[in-house]
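Input: a single structure, listed below in structure tokens.
A quick note: this is a predicted structure, and the numbers were derived from the prediction, not measured. Chain A is the first sequence line, chain B the second, and so forth, proteins listed ahead of strands; every chain is numbered from 1.
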Number of protein chains: 2
Amino acid sequence: MSISSRFSVGIHILALIAINKNERSTSEFLAGSVNTNPAVIRKIMGMLKTAGLVNVQPGIAGAELAKDLSAITLFDVYKAVNVVQEKELFSIHDNPNPECPVGKNIQSTIEPLFIKAQSAMEKVLNSLTLEDVVKDINDKENIC
Amino acid sequence: MSISSRFSVGIHILALIAINKNERSTSEFLAGSVNTNPAVIRKIMGMLKTAGLVNVQPGIAGAELAKDLSAITLFDVYKAVNVVQEKELFSIHDNPNPECPVGKNIQSTIEPLFIKAQSAMEKVLNSLTLEDVVKDINDKENIC
DNA sequence: TTTAAATGTAATTATTATGGTTACAAGTAA
DNA sequence: TTACTTGTAACCATAATAATTACATTTAAA
């Protein structure tokens, strides 16, 4: 199983808003680039707005970044779109048998190990910003 | 979304086989500790067997570890039970618009970043062994 | 050789998350 | 007033999970 593509779509949206900053980035425009339905974009945009990453207003066409590109990490986006809950990248089976030494202790033994693994992954996401993403795209396009 | 509990169940099974090494660990016995159905245990056991982590035979009651506890990493178990495909911890939306500079490049830009994050997580799993798990359980139980 | 017990595996089910789609109320600007 | 946009809710198809039942196959012991 994989982590929802809401995350990659969120990155796509934010990068496109930045690159398209001289034009209005409506949900229809963004949907055309992502290749999905405008309603899907608006739902994700709502999450990005709640997280304080974008400014959008009902009735007003277009979204804008609420922060500088370099101030938005991939971890910020990841948290914003709610693809993985805190400490729950790995699920642990519940109700193991408390009368068995393994069943009684397996959860408390495993949990810190799983958290350590999840944290290592999230630390990488926290070290990357949207600026890195946009720069790479611009390099590939020879723009700017 | 979370990674399947097959992973934590796999760890549970292997740890219990090790701790119960003087008795036969049948799928029914293991299921009693995990608190699930014996058929679920047998399915996971089949994966662990394919990965060379346990020895089981049709008709013969009980499973045994195929390697030393210290020679089985959590990454081995993770791969064995097939909870995350290689390079696919994060899914990336497909068919972005190739006529848009962002749509054209987003996949190739994001993929290495996602792989880097996934690798960091897997590296942690690779640094932990079943011996660590069993020792912790034994410590908590004051056994040996 | 028969019997009992265990593994291997397929089929079925309920539950949940995802991603897409349609529809429409509400807000804004021309 | 009109046209356009955002925000949301409702609904659907699909896929993965985990549990359950059932049964063929294999082994060992009576």
CG-NE2 distance between A/Asn35 and B/His93, expressed to the nearest 0.5 angstrom: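 A/Asn35 CG to B/His93 NE2: 9.0 Å, rounded to 0.5 Å.
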Interatomic distance, A/Leu30 atom CG to A/Arg24 atom CZ [nearest 0.5 angstrom]: 13.5 Å
Sugar-phosphate only, base, or nothing, as touched by A/Val40 at under 4.0 Å among non-hydrogen atoms: base
Touch class at under 4.0 angstrom, heavy-atom based, for A/Ala39 against every strand present: base
Side-chain donor/acceptor of A/Asn105 to backbone N/O of A/Pro101, under 3.5 Å: yes
Whole-Å gap separating [atom2] ([N]) and [atom1] ([X]):
{"X": "A/Met47", "N": "C/dA17", "atom1": "CE", "atom2": "C1'", "value": "12 Å"}
{"X": "A/Phe7", "N": "C/dG19", "atom1": "CZ", "atom2": "P", "value": "13 Å"}
{"X": "B/Gln57", "N": "D/dA28", "atom1": "CD", "atom2": "P", "value": "8 Å"}
{"X": "B/Lys49", "N": "C/dT9", "atom1": "NZ", "atom2": "C1'", "value": "12 Å"}
{"X": "B/Asn35", "N": "D/dA18", "atom1": "CG", "atom2": "P", "value": "14 Å"}

5′-ward residue of the pair B/Glu28/A/Arg6 relative to DNA chain C: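 On the 5' side of the pair lies B/Glu28.
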B/Ser91 vs B/Lys43, nearer the 5' end of DNA chain C by closest nucleotide: B/Lys43
